[in-house]
Asks: 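Submitted below is the structure of interest, expressed as structure tokens.
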Amino acid sequence: MTTPPIGLLPGPRRPDLAAELTHCLDVAREHWQRLARQPATARPAGLGPGRHTDYRNAVFLGRLIGDYGWPDLPLVGQDAAKAAYLIALHADPRRDIQVAAMREMYQAVQRGTASMRDWVHLHDRVLCADGAPQVYGTQHQLGLDGTPVHLPVRNPEELDERRREVGLPPAAEALAALRQRLAAEPASRSAYDPPTANLTAAA
């Protein structure tokens, strides 16, 4: 089911929650940009300051989901719905909340109030974190040479067909775009462009 055109949606029912979500994203974004450029072997163990931010954001998102379900377009609007997705994507310190977010977001996708393209990134992230092969090939990891590589994919010969079904470009095209984004200065990235490595989404 496709998301309704943004121009046909009324304003968010909870602009206060929308403001909190976008603030959480603003606080975390610099940490995510640094992390996206670090090989997995260079990542610090435990919870550094940035990971504490991810933890706090995950707890906040978990409370939102408990009270309202997935914070979708009608509830919080376009930018905050994207922020909620990105917070869920980085909720690794709270895997219980990340999995709950994936399930609740899927229900919103079925209602047409959340993005299927965003959901498949979150779905792949949960699979990879569980040690399972991803379905849509959205998750990458930086090698020692700084080049992003796919994490394992289920039935790779069918990958591009699955990606096409959910509106994603071919995997090779997405990988080329990822390399280009990682080569750019962090300041050139938009506020809602997701980081793209170390188990992080790449469109």
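All values below were derived from every heavy atom in this structure, side-chain atoms included, with hydrogens, water molecules and symmetry-related copies excluded.
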Asks: What are the two closest heavy atoms between L178 and H140, and how far apart are they?
Replies: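 Minimum heavy-atom separation between L178 and H140: CD2-CG, 3.5 Å.
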Asks: So, taking the atom named SG in C128 and the one named NE2 in H150, what distance separates them when rounded to the nearest 0.5 Å?
Replies: 10.0 Å
Asks: Would you compute the distance between atom NE2 of H90 and atom OH of Y85 and round it to the nearest 0.5 angstrom?
Replies: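 Between atom NE2 of H90 and atom OH of Y85 there are 8.5 Å.
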Asks: Could you tell me whether the side chain of Q107 reaches within less than 4.5 Å of the side chain of W70, counting heavy atoms only?
Replies: no
Asks: Check whether any side-chain heavy atom of E20 sits under 4.5 Å from a side-chain heavy atom of L17, and report yes or no.
Replies: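 Yes, close enough: below the 4.5 Å cut-off.
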Asks: Search all heavy atoms of L61 against all heavy atoms of P71 and return the closest pair with its distance.
Replies: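 Closest pair (atom of L61, atom of P71, distance): CD1-CG, 3.9 Å.
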Asks: When rounded to the nearest 0.5 angstrom, what distance separates CZ in R103 from CG in L122?
Replies: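 It comes to 11.5 Å.
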Asks: I87 and A58: which non-hydrogen atoms are nearest, and at how many Å?
Replies: CG2-N, 4.2 Å
Asks: What are the two closest heavy atoms between V76 and A18, and how far apart are they?
Replies: O-CB, 3.2 Å
Asks: Would you say the side chain of P74 lies within less than 4.5 Å of the side chain of R13, judging by non-hydrogen atoms?
Replies: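 The answer is yes; the side chains approach within 4.5 Å.
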Asks: Would V120 and V135 satisfy side-chain contact (heavy atoms from CB on, under 4.5 Å), going step by step from the backbone distance to the final call?
Replies: CA-CA 8 Å; V120 300; V135 175; over 6 Å; no
Asks: Determine whether P148 and L182 make a side-chain contact, defined as any pair of heavy atoms from C-beta on separated by less than 4.5 Å.
Replies: yes
Asks: Give the C-alpha distance, both sets of side-chain angles, the deciding distance and a yes or no for side-chain contact (heavy atoms from CB on, under 4.5 Å) between D118 and M105.
Replies: CA-CA 9 Å; D118 288 349; M105 189 179 183; 3.5 Å; yes
Asks: To the closest 0.5 Å, what do you measure between OG1 (T53) and CG (L25)?
Replies: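 Output value for this atom pair is 12.0 Å.
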Asks: State the CG-CG distance between L89 and D54, to the nearest 0.5 angstrom.
Replies: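 If I round to the nearest 0.5 Å, the distance is 10.0 Å.
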Asks: Check whether any side-chain heavy atom of P152 sits under 4.5 Å from a side-chain heavy atom of Q134, and report yes or no.
Replies: no
Asks: Between L86 and R29, is there a side-chain heavy-atom distance shorter than 4.5 Å?
Replies: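 Of all side-chain heavy-atom pairs linking L86 with R29, none is under 4.5 Å.
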Asks: Using a 3.5 Å distance criterion without hydrogens, assess whether the side chain of T113 forms a donor-acceptor pair with backbone atoms of A108.
Replies: yes
Asks: Can you name the side chain to side chain contact (heavy atoms under 4.5 Å, CB included) partners of E161, sequence neighbours left out?
Replies: R164, E165
Asks: What residues join V153 in its hydrophobic cluster, counting side-chain heavy atom gaps under 4.5 Å, either direct or through other members?
Replies: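 For the cluster that includes V153, the remaining residues are L159.
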Asks: Would a distance-only check, ignoring hydrogens and angles, find a side-chain to backbone donor-acceptor pair under 3.5 Å from D130 to A132?
Replies: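 No, the answer is negative, given that no donor and acceptor are paired below the 3.5 Å cut-off.
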Asks: Using the rule given for salt bridge (Lys or Arg N to Asp or Glu O under 4.0 Å), can you reason through R95 versus D92, listing the C-alpha separation, both sets of side-chain angles and the distance that settles it, and then say yes or no?
Replies: CA-CA 5 Å; R95 292 276 295 131; D92 305 304; 5.7 Å; no
Asks: Evaluate the criterion side-chain contact (heavy atoms from CB on, under 4.5 Å) for residue pair F60 and C24; output intermediate values, then yes/no.
Replies: CA-CA 9 Å; F60 171 61; C24 287; 3.8 Å; yes
Asks: With rounding to the nearest 0.5 angstrom, report the OG1 to CG distance, T147 to L142.
Replies: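 With rounding to 0.5 Å, OG1 (T147) is 8.0 Å from CG (L142).
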Asks: Side-chain contact, heavy-atom cut-off 4.5 Å: L151 with P133?
Replies: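 When only atoms from C-beta onward are counted, P133 and L151 do not touch, as no gap falls below 4.5 Å.
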Asks: May I ask you to test the H121-L168 pair for a side-chain heavy-atom distance under 4.5 Å?
Replies: yes
Asks: Determine the minimum heavy-atom distance between L75 and P12, stating which atoms define it.
Replies: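 Scanning both residues completely, I find the closest heavy atoms to be O-CB, 3.5 Å.
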Asks: Once ring pair (Phe, Tyr, Trp, His ring centres under 6.0 Å) is applied, do any residues pair with Y106, and if so which ones, sequence neighbours excluded?
Replies: W119
Asks: Side chain to side chain contact (heavy atoms under 4.5 Å, CB included) with D96: which residues, sequence neighbours excluded?
Replies: R94
Asks: Please check if the number of heavy atoms outside Q180 that lie under 6.0 Å from its CD is greater than 12.
Replies: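 Atom CD in Q180 is not packed in, count stays at 12 or less.
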Asks: Please determine, by modelled atom types, if D124 and T138 share a side-chain donor-acceptor pair under 3.5 angstrom.
Replies: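 There is such a pair (donor and acceptor under 3.5 Å, judged by atom type) between the side chains of D124 and T138.
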Asks: Taking only residues two or more places apart in sequence or in another chain, which ones pass side chain to side chain contact (heavy atoms under 4.5 Å, CB included) with E158?
Replies: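 Residues passing side chain to side chain contact (heavy atoms under 4.5 Å, CB included) with E158: N155, R162.
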Asks: Provide the closest heavy-atom pair for A81 versus L73 in the form atom of the first, atom of the second, distance.
Replies: CB-CD2, 4.0 Å
Asks: Please identify each residue that fulfils side-chain hydrogen bond (donor to acceptor under 3.5 Å, both in side chains) with N57, with sequence neighbours left out.
Replies: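 With sequence neighbours excluded, N57 shows a side-chain hydrogen bond (donor to acceptor under 3.5 Å, both in side chains) to no residue whatsoever.
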